[in-house]
Amino acid sequence: MQRRVFLKSGALALVTIGLSPRFLRRAALLAETRAASRGKTLICLFQRGAADALNVLVPFGDAHYHELRPTIGIAAPSREGGERAIDLDGFFGLHPSLSALAPLYQRGMLAPIAAVGSPSSTRSHFDAQDFMETAAPDMKSVRDGWLNRLLTVSSADANARLATAAGHGTGALRGIALAMQHPRVFDGAAPTVALRSLEELRVRAGGADAARLEQLYQAMDADLVHGDGSDAAEATRVLRAVDPDRYVPANGAQYPNSDFGRRLRQIAQLVKAGVGMEIAFADVGGWDTHVNQGAATGQLANRLDDFGSAIAALVADLGERMADVVILTMSEFGRMARENGNRGTDHGHAGAMFVIGGAVRGGKVHGRWPGLAPEQLHEGRDLALTTDFRAVFAEVATRHMGAARSEALFPGYAMDQRDWLGLV
Amino acid sequence: MLLALAGCAHAARTAVTPTVDAIAERELSRDEQARHVLDRLAFGARPGDLDRVREMGIDRWIEGQLRPERIADPNGEKAADAFPVLREDPAALLRDVAALRDGAGPDTAARRALRMRYNEVGRAVQSARLARATTSERQLQEVLVDLWANHFSVFAGKGPVRLYLARYEDDAIRPHVLGRFRDLLGAVAHSPAMLFYLDNWQSAADSLHPTLARRRGARRAGPRAPRGLNENYARELMELHTLGVDGGYTQHDVIEVARALTGWSIASPREGGGFVFRPALHDAGEKIVLGVRIPAGGGESDGEKVLDILARHPATARMVATTLARRFVSDDPPPALIDRAAAVYRRTGGDLREVVRTIVTSPEFFSRASYRAKVKSPLELVASALRATGIAADTTPRAARAVAQLGQPTYGHQTPEGWPEHSSEWLSAGAVADRVNVLAPLAKRGPLDDSTRAMLESSDFQRR
């Protein structure tokens, strides 16, 4: 199926844009490998800046919640609706600005996870983001990203076949990031591609410059373009053929007119274009709400509105394909349980994640709730952690992506199925 | 080895250039050295620069660049003067904004004019930086402005920060880049740009702590200022600006530093919009920062003591040494060089000129491994292209837009760590593609001879 899609929608275009036979052969092989691994896609979305989990997945049923947050707390749901939490299970609710995601929960496609995150107690954004992207908390010697390792582990077998078939390397299009910078989560041995948007790859000054672009990739060392220079050049040539201007989302999906909305729109287009993408990554900033974060409306509400409506549009756009897609959202840590002196929140500990997909066991809030009473808080101030994010990553990697249960995937972590939450 | 160490200590005291032997042992030829210093201590060579540096002598040229105040710089000043909007009093624009908000009526024309001026300020700050990088004779100073403004990164898109940027760069950063680190740190800590960006201006003593407010109806901090501690600046001050994330501080230190800095705030636009200490917000209790006791009742001086402690700390010496070596030598600089540069920092009380001198005259700097080892950042790429063409500085927004288009708009990094220096962290496949698109139109601006064009389009030009 995937191969047919690829050949039909991809190969012709690939030939016309002048790819080398070597690349084409490998692309076709990859499509085949992909079919063998059931054609699954994982879309990871990173909220950089530490989203305030207690106002995203609101524990309105916890007696201490409103006491800790007198001005920024989200009101418990009521029949009148309006500026209140959207009830999920009588204890947790979604922030009202996430209303676009509520139907996904009702349909059983959305599984929120409470009190999940990194066991590291760092409150540094940058360390915590690295730890989440390497999936190796407090292990700074681990430099490669877990999504890159997932690409390596999930196709050790396929890699061997490709290596014999086509020299060296694999297709850089298996992992595509739409982000401001090459994300650490993609660092590692498997080639990947990072760009801010598909438009970035356009060569504006005509044919001669396309040739220069190729030279440029050749000239950049492998470590600089995160893989073989000629692979990167050819990969971007494939991506240039995916024209975002001509894309019409399916099922009337309405993406918000924002950077994040545009990124998810292009991810949907890439899923459908059959370029061989197995893992997509996008990030979105603006979550570091130390001051005036707002409650049901305001700063955080605006970020959540963009976040929720973009994801809802992506799900609608992918339609039936969501059966083979899992969307995983994450943020480096949560924020202090008690609001600070500026109607904002300082850096905290445990956070919340969303897992979304056709095969996801949603319609239920996962994870054990540690409580918000003073003695239940981490270091007396933050939401405590009950689920290590690696338990979530491991379950999605193996159950959804079909990765071998390899030690190499999460260094220094004993993968134990008993820790899994039953998400997929 | 012994000789080298002795030479090093000597250099730190009396600031002489390296010994004849040290110069003779450099791995790069003289031509390569000339090119190397122009690509590392400057934003690339202009036509004729290579000959000039060779003629003058590599080490004399470096020594001259380490003393920017002695270099006449009419071109750099002209570049800065091309943006009169940056000379305006930021408080005036803030007052206009406030007046309009306080009900000057829905005067759409006034509103539009204000917004245009506001946008113009943002563009001008970016253009001025690039214009000075391109034309200033004080090239090393401008390279260091780029480095330290990014180390102490602030985001133009947060609140009124952009209105403070010209003063931030001209008053807090540029005068101190070859001075003492403590002075640079202090100037940044007092700047409205940083005070606003990292929220310290409204951080206040928690209600459990005494303040310096007088009993009788203490004056409020400002309109609607809620009370309570904000840890944002205190944390980044240690994590990003001084000690580094593994520099040995704890969450408790973050809180203590935040308490010490309460009251360091910004005056209202009517009061001029500059730094102000607000006793009513200040936590008057005792603090213990990194094991050092700051007695109760210190007021404004608490913050100064914190900056003293941090600037003196060996972890800060290391952080500064690493930051400079990564910029000048290589993405992963040799540990031995960092050790020596950090030792110079400690010995000289954080004299940045001496730390920079140690690094840029070191054998590691003039090593084969370091030569052409760095990939030009977007600003470096655009500035070096403009310099190579030898045409006048581009004061239109176009050139600065090219920097932004390459992914690193000046003062455009939202979070406080700034643009990464290590190329593996930013040079993605997409970023490489854009480097072609950007150079092509720039190269078309003036009449280019074939060899200049070939140089701009060469892969080698991507590196420095």
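Just so we're clear, the structure is a prediction, and the values are computed from it rather than from any experiment. Chain A is the first sequence line, chain B the second, and so forth, proteins listed ahead of strands; every chain is numbered from 1.
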Worksheet item: Which atoms form the tightest heavy-atom contact between B:Pro420 and A:Gln181, and what is the distance?
Response: CD-OE1, 3.5 Å

Worksheet item: Considering only heavy atoms, which portion of B:Glu417 lies under 4.5 Å from any heavy atom of chain A: side chain, backbone, both, or neither?
Response: both

Worksheet item: Should A:Asn340 and B:Leu229 count as side-chain neighbours, where that means a heavy-atom distance under 4.5 Å?
Response: no

Worksheet entry | B:His413, part contacting chain A, at a heavy-atom distance under 4.5 Å | side chain

Worksheet, complete the sentence: Comparing A:Gly286, A:Gly344, A:Pro183 against chain B, the one with the most heavy-atom pairs below 4.5 Å turns out to be A:Gly286

Worksheet item: What's the spacing between B:Glu231 CD and A:Asn342 CG if we round to 0.5 Å?
Response: 11.0 Å

Discussion item. With chain B as the partner, which of A:Lys140, A:His125, A:Arg48 has the greatest number of non-hydrogen pairs under 4.5 Å?
Written reply: A:Lys140

Discussion item. Salt bridge check, A:Asp346 against B:Arg235: does any charged N sit closer than 4.0 Å to a carboxylate O?
Written reply: no

Fill in: Leading residue by heavy atom contact count with chain A [cutoff under 4.5 Å; candidates B:Gln414, B:Glu236, B:Gln251]
B:Gln251

Item to complete: Heavy atoms only: give me the nearest B:Asp199-A:His290 pair and the separation to one decimal.
Response: OD2-CB, 3.1 Å

Discussion item. Is B:Leu198 in contact with chain A via its backbone, its side chain, both, or neither, using a 4.5 Å heavy-atom distance?
Written reply: neither

Fill in: A:Arg123, part contacting chain B, at a heavy-atom distance under 4.5 Å
both

Fill in: Side-chain heavy atoms of B:Asn232 within contact of A:Val291, under 4.5 Å
no

Item to complete: Tell me, for A:Arg381 versus chain B, whether the close heavy atoms (under 4.5 Å) come from the side chain, the backbone, both or neither.
Response: side chain

